[in-house]
Asker: 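Provided herewith is a single structure, encoded as C-alpha cells, for subsequent inquiry.
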Amino acid sequence: MAIQIHDTLAGEKVELHPIVPGKIGLYACGPTVYDHAHVGHARCYVVWDVVVRHLRARGLEVRYVRNFTDVDDKIIARANERGEEPVAMAARFADSFLEDMDAVGCLRPDAAPRVSGSIPGIVALIERLVTRGFAYAPGNGDVYYAVRKFPAYARLSRRNLDDLIAGARVDPGESKRDPLDFALWKAAKPGEPAWDSPWGKGRPGWHIECSAMTLEHLGAPFDIHTGGKDLVFPHHTNEIAQSVAALSEGLEPESFARHWMHNNFVEIDHQKMSKSLGNFFTVKDLLVRHDGEALRLLLMGTHYRNPISFTDTLLADAERRLAYLYETLEKGDQVAAGGAAAGEPAPWAEAARAALDDDFNTAAVLGILADAFTAANATADRKGKTPPPDREEMARFGRDARAVGAELGILQREPAAALLALREKAVARRGIDPAAVEARIAERTAARRAKDFTRSDTLRDELLAMGVVLQDGPAGTTWKVE
RNA sequence: GGCACCGUCGCCAAGUGGUAAGGCAAGGGUCUGCAAAACCCUUAUUCCCCGGUUCGAAUCCGGGCGGUGCCUCCA
C-alpha cells in the first residue's frame with residue numbers, strides 16, 4: 001500500500017502511514033449549521049467521503065468523525081432574527097444537512113458530535129490550558145489563548161506572527177493581552193445559550209470545540225484532519241495550538257493531527273461560493289430539479305485541490321454523462337445475461353484505484369472510466385453479430401465498474417431505476433407530461449407499422465420540440481429528455 | 001502590503017523531468033425507413049509570455065503578465 005496524500009502541514013504530498021497499522025482516524029470539520037448546505041459544502045464532504053471509501057476499499061479500518069458546530073455567533077444571530085431557540089434551530093439545519101449529504105451519496109460518519117453535547121470536554125480542555133499556562137482568564141468571564149506561548153503557531157498556515165498582527169482584531173469588551181490571542185470561552189450575554197464553567201456562565205469560542213471533539217472521539221494523535229482551505233487560518237491553526245498545548249510536552253503540531261487535507265472552493269463567476277458573499281446555490285434547491293448523483297459526478301470532475309466553476313452547463317453535462325454511464329451498465333448487464341464475473345479485476349480498474357491512491361485523483365479516475373465504458377459499449381454493440389460479445393467479459397465489466405463506482409460513491413443504483421429517476425427530474429424541469437409522450441409514441445409506432453413515415457417523422461419532430469428524444473430499438477421505442 | 005495557489009484544444013479537465021489522458025462541442029463514417037443512441041476516425045509538434053538549468057521541461061529555477069484565495073464570518 002502506498003497511498004499518497006497532499007498534507008498541508010508538510011506542504012507536499014506524503015505517503016500515508018497509519019499511526020496504528022491497519023487503522024485510520026479521520027476528522028472532517030463539519031458545517032456551522034445556521035442555514036441549508038450549499039454546493040461548496042457538498043463538494044467538500046463528497047471529497048472526504050471518497051477519501052473514506054477508498055481507504056476502506058484499501059482495507060483500512062477508518063473511523064470517520066464529522067462534527068456539527070451548533071453553538072456559534074452566526075447561529076445565535078440567525079436564531080434571534082427568526083425568534084428561534086439557537087440550538088434547536090441548529091438541530092433543524094443539521095437534519096437538513098444530513099438529508100442533503102445522503103442525496104449526494106455520502107456515507108454517514110461513525111460519530112457526529114455537536115458542540116452543545118460536548119461542553120464538559122470543552123471546559124476540561126480549557127481548564128487544562130489555563131493550568132499549563134497557555135490560556136488566561138482576565139476576570140471578565142472570558143478565557144483567551146496566549147498565542148505567543150506556542151512557538152509553532154503559524155506553521156500550518158506558513159505565516160509569521162508579525163504579519164498576522166496587522167489583521168488581528170480586538171472586539172469591544174475583550175481583554176486580550178495580545179491582539180493575536182483568541183477566545184476559548186466567552187462570557188454569556190443576555191439571550192445567548194450558556195453553560196456553567198469555572199469562569200462563570202458562558203459558551204465556547206470558535207475553534208476549541210473541534211479540539212475537544214477530536215480528542216474525545218479519536219484521541220491524539222490521529223491520522224487525518226480535513227476541511228475547506230478557508231479553515232487553514234485561523235480555525236485549524238488555532239486548533240493545533242490548543243490541542244498541542246494541552247497534550248504534548250514537545251509542542252509539535254504532529255502530536256495532534258498527523259496530516260491535514262484541505263479542499264479548494266466551488267466558484268461562481270470566478271469567485272468563491274460562500275454564504276457571506278450570497279452567491280450560493282443550496283443543495284436542496286438544486287435537488288428539486290437535478291439528480292444528487294449527477295451533482296456528485298460534477299464535483300468529482302476536478303481534483304479536490306483545484307477550484308471548480310459551478311455552472312448550469314457543467315451540471316447538465318454531468319447529468320448526461322451519468323445517464324451514459326447507467327445506460328452502458330444496463331446494456332452490459334443485458335449482454336452478460338447473468339453470466340458470472342470471475343477472475344482478477346481488469347487492468348483499468350486497478351489503474352483507477354492507483355489514481356485514487358495518488359491523492360484521490362477522481363478526475364483521472366473518470367478519464368479511466370471513460371475508456372472502459374467506451375470499450376464496454378463497443379463490446380455490447382456486437383450483440384447479434386459474429387463473433388458475439390463475450391458474456392464473461394461483460395460480467396467482469398459490470399462487476400469492476402460497480403466496484404470502482406463504490407469507491408467514488410456512484411453507480412450503485414439499479415441502472416433502470418437510476419435512468420428513470422434522471423428522466424423524472426428532466427420531465428419535471430421541462431414540464432413534460434409523460435402520458436402524452438407515451439400516447440404520441442403509440443401513435444407513431446402505429447404510423448411506422450403502416451409505413452407512414454411522413455406521419456411518424458412529424459410526431460417525432462413534435463416530441464423533439466418538447467425536448468423528448470426517441471430511440472427506436474428492437475424492443476420498441478424508448479424516450480428520454482435531452 | 002504579507003503568505004499561498006492557479007494559468008494545458010472553442011469549453012471542462014488529467015498530467016510535477018522522458019516527449020500532451022479523458023469528457024463536451026465540431027467534422028467524416030458504420031448502424032438505421034430516416035433519425036436517435038452506441039461505436040469507429042479526425043481535431044493542441046504544443047501547454048500565458050520571456051530567459052535559464054538539462055541529453056530532454058507543460059512539468060525545475062528566475063523575471064514578467066493575468067486570475068483566485070487567506071490575512072480572526074466561511075467548506
Side-chain angles (χ1 to χ4, degrees), chain A residues 8 11-13 28-32 34 37-45 47-48 72-74 77 154 157-160 162-171 179-183 205-207 226-235 237-238 262-267 270-277 298 301-303 305-309 311 313-314 316-318 320-321 323-324 327-328 331 351 355 358 361-371 373-382 385 448 451 453-454 456-457 460-461 464 469-473 477-480 482:
Chain A
T8 310
E12 60 187 1
K13 261 196 232 176
C29 253
T32 299
Y34 66 94
H38 60 61
V39 178
H41 295 109
R43 180 188 199 181
C44 111
Y45 300 110
V47 168
W48 311 137
D72 157 273
D73 292 350
K74 294 221 151 197
S157 40
R158 284 162 224 294
R159 293 160 202 242
N160 65 67
D162 296 331
D163 291 335
L164 291 172
I165 289 172
R169 227 162 46 192
V170 181
D171 289 333
L180 289 173
D181 294 350
F182 58 90
W206 183 42
H207 317 305
T226 71
K229 69 182 250 190
D230 47 356
L231 298 181
V232 173
F233 186 87
H235 185 55
T237 295
N238 289 352
H262 293 98
N263 66 282
N264 213 314
F265 303 125
V266 175
E267 300 179 342
H270 300 290
Q271 271 201 311
K272 172 185 172 184
M273 176 186 289
S274 77
K275 291 181 193 173
S276 49
L277 291 172
L298 178 164
T302 305
H303 185 89
R305 282 188 289 110
N306 290 142
I308 296 181
S309 217
T311 62
T313 313
L314 226 48
D317 286 351
R320 275 195 295 270
R321 194 68 194 150
Y324 167 84
E327 280 163 10
T328 306
K331 267 197 268 182
D358 184 11
N361 194 339
T362 53
V365 176
L366 261 24
I368 292 165
L369 224 45
D371 290 334
F373 274 64
T374 298
N377 266 310
T379 302
D381 278 355
R382 296 213 55 81
K385 295 185 179 171
R448 288 181 76 216
K451 305 268 187 228
F453 293 120
T454 310
S456 86
D457 289 351
R460 185 173 63 199
D461 290 345
L464 187 60
V469 180
L470 301 188
Q471 290 171 224
D472 297 325
T477 299
T478 58
W479 63 281
K480 64 178 178 182
E482 69 176 357

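Residue numbering restarts at 1 for every chain, and letters A, B, ... go by the order of the sequence lines.
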Asker: Using a cut-off of 4.0 Å on non-hydrogen atoms, how would the nucleic acid contact of Val232(A) be classed: base, sugar-phosphate, or nothing?
Answerer: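 Nothing, no heavy atom under 4.0 Å.
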Asker: In whole angstroms, how far is the P atom of U16(B) from the CG atom of Asn306(A)?
Answerer: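 Result: 12 Å.
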Asker: What's the CD1-P distance between Ile308(A) and C6(B), to the nearest Å?
Answerer: 16 Å
Asker: Rounded to whole Å, please give me the gap between CE in Met273(A) and C1' in G69(B).
Answerer: 16 Å
Asker: Reckon Tyr324(A) has a side-chain N or O less than 4.0 Å from the OP1 or OP2 of C39(B)?
Answerer: yes
Asker: Heavy atoms only, 4.0 Å cut-off, all strands: where does His303(A) land among base, sugar-phosphate and nothing?
Answerer: sugar-phosphate
Asker: Pick base, sugar-phosphate or nothing for Gly227(A), based on heavy-atom distances below 4.0 Å to the nucleic acid.
Answerer: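 It contacts sugar-phosphate atoms only.
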Asker: Go ahead and name the base partner of G18(B); Watson-Crick or wobble counts if both distances stay under 3.5 Å, otherwise write none.
Answerer: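 C55(B) is the nucleotide pairing with G18(B).
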Asker: Can you name the atoms? Protein N/O to nucleotides 7-12 of chain B N/O, anything below 3.5 Å, with the distance.
Answerer:
none

Asker: Between G67(B) atom C1' and Phe265(A) atom CZ, what is the distance in whole Å?
Answerer: 15 Å
Asker: Scan nucleotides 21-30 of chain B against the protein and return all N/O pairs shorter than 3.5 Å with their distances rounded to 0.1 Å.
Answerer:
| residue | atom | partner | partner atom | Å |
| --- | --- | --- | --- | --- |
| G23(B) | O3' | Arg321(A) | NH1 | 3.4 |

Asker: Just checking Val266(A): base, sugar-phosphate only, or nothing, at a heavy-atom cut-off of under 4.0 Å?
Answerer: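 Counting heavy atoms under 4.0 Å across all strands, the contact made by Val266(A) includes a base.
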Asker: Taking any heavy-atom pair under 4.0 Å as a contact, classify Lys451(A): base, sugar-phosphate, or nothing.
Answerer: nothing
Asker: What is the nucleic acid contact for Arg448(A), judged by heavy atoms within less than 4.0 Å: base, sugar-phosphate only, or nothing?
Answerer: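 The residue Arg448(A) makes base contact.
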Asker: Is any side-chain heavy atom of Trp206(A) closer than 4.5 Å to a side-chain heavy atom of His235(A)?
Answerer: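 A side-chain contact exists here, since the closest heavy-atom pair is under 4.5 Å.
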Asker: How far does the P atom of C49(B) sit from the matching atom of A38(B), given to the nearest Å?
Answerer: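 It works out to 36 Å between them.
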Asker: Would you say the side-chain atoms of Arg43(A) pair up with the backbone N or O of Asn264(A), donor to acceptor, closer than 3.5 Å?
Answerer: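 Yes; judged by distance alone, with no hydrogens or angles, the pair exists.
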Asker: Using purine N1 to pyrimidine N3 plus N6-O4 or O6-N4 for Watson-Crick, or N1-O2 and O6-N3 for G-U wobble, both under 3.5 Å, which nucleotide pairs with A44(B)?
Answerer: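 Partner of A44(B): none found under 3.5 Å.
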Asker: Could you work out the separation of A21(B) and C70(B) based on their C1' atoms and round it to a whole Å?
Answerer: 33 Å
Asker: Using purine N1 to pyrimidine N3 plus N6-O4 or O6-N4 for Watson-Crick, or N1-O2 and O6-N3 for G-U wobble, each under 3.5 Å, what pairs with G66(B)?
Answerer: C6(B)
Asker: Using the C1' atom as the reference point in each nucleotide, state the distance between G2(B) and C11(B) in Å, no decimals.
Answerer: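 My reading of the C1' atoms in G2(B) and C11(B) gives 35 Å.
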Asker: Hey, is the side chain of Lys272(A) pairing donor to acceptor with the base of C74(B) inside 3.5 Å?
Answerer: yes
Asker: Rounded to the nearest angstrom, tell me the gap between atom CZ in Phe373(A) and atom P in C39(B).
Answerer: 11 Å
Asker: Could you check how far CG of Leu231(A) sits from P of C71(B), rounded to whole Å?
Answerer: 10 Å
Asker: For Gly11(A) and Glu327(A), find the nucleotide of RNA chain B closest to each by heavy atoms; which residue's nucleotide sits nearer the 5' end?
Answerer: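 The residue mapped nearer the 5' terminus is Gly11(A).
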Asker: For a quick check, tell me whether the side chain of Asn377(A) and the base of C40(B) share a donor-acceptor pair closer than 3.5 Å.
Answerer: no
Asker: Just to be sure I understand the rule, does Asp72(A) reach a base, reach only the sugar-phosphate, or reach nothing, if contact means heavy atoms closer than 4.0 Å?
Answerer: nothing
Asker: Mind checking the C1' distance from A25(B) to C9(B)? Whole angstroms is fine.
Answerer: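 Their C1' atoms lie roughly 11 Å apart.
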Asker: Tell me whether Thr237(A) contacts the main-chain N or O of Val232(A) through its side chain, where contact means a donor paired with an acceptor under 3.5 Å.
Answerer: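 Yes, Thr237(A) side chain to Val232(A) backbone: donor-acceptor pair under 3.5 Å.
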Asker: Across all strands, who's sitting opposite C39(B) as a Watson-Crick or G-U wobble pair, both distances under 3.5 Å?
Answerer: G29(B)
Asker: For the pair made of CG in Asn361(A) and C1' in A14(B), what is the distance, rounded to whole Å?
Answerer: 6 Å
Asker: Go through the N and O atoms of the side chain of Arg460(A) and the base of C34(B), and report whether any donor-acceptor pair is under 3.5 Å.
Answerer: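 It does, because a donor-acceptor pair links the side chain of Arg460(A) to the base of C34(B) below 3.5 Å.
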Asker: Please determine whether a side-chain nitrogen or oxygen atom of Trp206(A) lies at a distance below 4.0 Å from atom OP1 or OP2 of C74(B).
Answerer: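 Result: yes.
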Asker: Hey, what are the protein-to-nucleotides 2-4 of chain B N/O distances that come in under 3.5 Å?
Answerer:
| residue | atom | partner | partner atom | Å |
| --- | --- | --- | --- | --- |
| G2(B) | O2' | Asp163(A) | OD2 | 2.4 |
| C3(B) | O2' | Arg158(A) | O | 3.0 |

Asker: Which distance, rounded to the nearest 0.5 Å, do you find between the OG1 of Thr226(A) and the CG of Asn263(A)?
Answerer: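 With rounding to 0.5 Å, OG1 (Thr226(A)) is 8.0 Å from CG (Asn263(A)).
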Asker: Under 4.0 Å between any heavy atoms, over every strand shown, what does Leu464(A) touch: base, sugar-phosphate, or nothing? Just pick one.
Answerer: nothing
Asker: Rounded to whole Å, please give me the gap between CG in Asp457(A) and C1' in A36(B).
Answerer: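 It is 12 Å, rounded to the nearest whole Å.
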Asker: Rounding to an integer number of angstrom, what distance separates U8(B) and U43(B) when you compare their C1' atoms?
Answerer: 16 Å
